[in-house]
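Notes for the one structure printed next.
Heavy atoms only: backbone and side chains are in, while hydrogens, waters and symmetry mates are out. Order of appearance sets the numbers: ligands from 1, and atoms from 1 within every ligand. What you see is a predicted model, and the numbers here were worked out from it, not measured in a lab.
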Amino acid sequence: MEERFSELVQLAREAMEAAHAPYSRFHVGAAILTESGEVVTGCNVENASYGLTICAERTAMCRAVVQRASRPVAIAIATRTPTATPPCGACRQFLYEFNPDMIVLAVGTQGATLRTTLRELLPGAFDTEQLDSNRP
Ligand code: THU
């Protein structure tokens, strides 16, 4: 899997170019690597009604679901900021659903890549265990 990481980062950077971010001008690209080796990309999509904005990570994950892609094993996130940008809280929760052990790689334009996992980014996550143990 590791041997695909530089390609994954490159694909996240390419996806970032498609960002629809006229309001924040904060362009984000994401690329998900699946168990079967497929890569699915996404970018942030903003709206004049600001709160409807969808992050790059969730766009990519939704595409992966529609394409019936296999389990996501890693996600690369690219921004034009000098330092790496980690995924927002909503994206952490959203991605956790599909694989808590997913590797998260975040890259900016310079400096170190952030490398972690969803489990590290979202301790005590809400998941199906809570649903199952609290059913009426
Ligand atoms: N954004 C993402 O796409 N992913 C994140 O994890 C953080 C934020 C987008 C949403 C919005 O379009 C812009 O970045 C500024 O918040």
Side-chain angles (χ1 to χ4, degrees):
M1 175 190 6
E2 304 250 346
E3 71 282 359
R4 303 284 307 275
F5 283 179
S6 63
E7 175 200 348
L8 201 62
V9 164
Q10 183 51 34
L11 290 169
R13 285 189 166 130
E14 281 172 27
M16 180 179 70
E17 299 303 323
H20 175 71
Y23 308 105
S24 72
R25 298 198 177 146
F26 193 83
H27 293 217
V28 187
I32 292 174
L33 177 67
T34 70
E35 219 160 34
S36 67
E38 194 181 347
V39 175
V40 186
T41 60
C43 62
N44 54 331
V45 182
E46 298 186 346
N47 192 271
S49 177
Y50 290 4
L52 298 183
T53 292
I54 306 176
C55 294
E57 298 89 326
R58 277 178 285 153
T59 308
M61 192 62 235
C62 288
R63 279 183 85 188
V65 169
V66 174
Q67 291 180 20
R68 296 172 180 253
S70 57
R71 215 163 66 101
V73 290
I75 183 167
I77 303 160
T79 50
R80 285 188 185 138
T81 50
T83 55
T85 305
C88 80
C91 288
R92 293 176 197 199
Q93 176 67 33
F94 196 85
L95 296 171
Y96 191 95
E97 174 87 10
F98 298 96
N99 179 9
D101 295 312
M102 195 185 314
I103 293 170
V104 177
L105 303 166
V107 292
T109 54
Q110 313 161 5
T113 301
L114 169 73
R115 182 183 168 154
T116 181
T117 64
L118 282 175
R119 212 182 279 283
E120 272 171 20
L121 288 172
L122 192 64
F126 179 82
D127 60 16
T128 52
E129 253 176 61
Q130 279 84 42
L131 284 178
D132 294 341
S133 57
N134 286 297
R135 287 210 197 279

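Near P87, meaning under 4.0 Å from any of its heavy atoms, are these atoms of ligand 1: 6 (O). Counting the atoms of ligand 1 from 1 in the order shown, those under 4.0 Å from a heavy atom of E57 are 2 (C), 3 (O), 4 (N), 5 (C), 6 (O). Near S24, meaning under 4.0 Å from one of its heavy atoms, ligand 1 places the atoms 13 (C), 15 (C). Counting atoms of ligand 1 from 1 in the listed order, those under 4.0 Å from a heavy atom of T53 are 10 (C), 11 (C), 12 (O).
R71 and T34 are not linked by any side-chain donor-acceptor pair at a separation below 3.5 angstrom, with hydrogens and angles left out of the test.
Within a 4.0 Å radius of atom 6 (O) of ligand 1, the protein contributes one or more non-hydrogen atoms.
At a heavy-atom cutoff of 4.0 Å, ligand 1 is contacted by no atom of A21, backbone or side chain.
Looking only at protein heavy atoms, the nearest one to atom 3 (O) of ligand 1 is A56 N, 3.0 Å. The closest protein non-hydrogen atom to atom 14 (O) of ligand 1 is F26 CD2, 3.3 Å. Protein heavy atom closest to atom 9 (C) of ligand 1, with residue, atom name and distance, is N44 ND2, 3.6 Å. Of the protein's non-hydrogen atoms, C55 SG, 3.6 Å is the one closest to atom 1 (N) of ligand 1.
Between R25 and E46, none of the side-chain N atoms (NZ, or NE/NH1/NH2) sits under 4.0 Å from a carboxylate O, so this pair counts as no salt bridge. A salt bridge links E17 to R80: at least one charged side-chain nitrogen sits closer than 4.0 Å to a carboxylate oxygen.
I77 is listed as a side-chain neighbour of V104, based on a closest heavy-atom distance under 4.5 Å. A heavy-atom distance below 4.5 Å is not found between the side chains of Y23 and T53.
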- Task: In sequence, state the C-alpha distance, the side-chain angles, and the governing distance for E120 and R115, and then conclude on salt bridge (charged side-chain N to carboxylate O under 4.0 Å, His left out).
- Result: CA-CA 10 Å; E120 272 171 20; R115 182 183 168 154; over 6 Å; no
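The nearest non-hydrogen atom to atom 11 (C) of ligand 1, considering only R25, E46, H20, comes from E46.
The CG atom of L114 sits 7.0 Å away from atom CG of L121, with the distance rounded to the nearest 0.5 Å. Taken from CD1 in I32 to CE in M102, the straight-line distance is 6.0 Å, to the nearest 0.5 Å.
Polar contact check, C88 against ligand 1: a nitrogen or oxygen pair lies under 3.5 Å apart.
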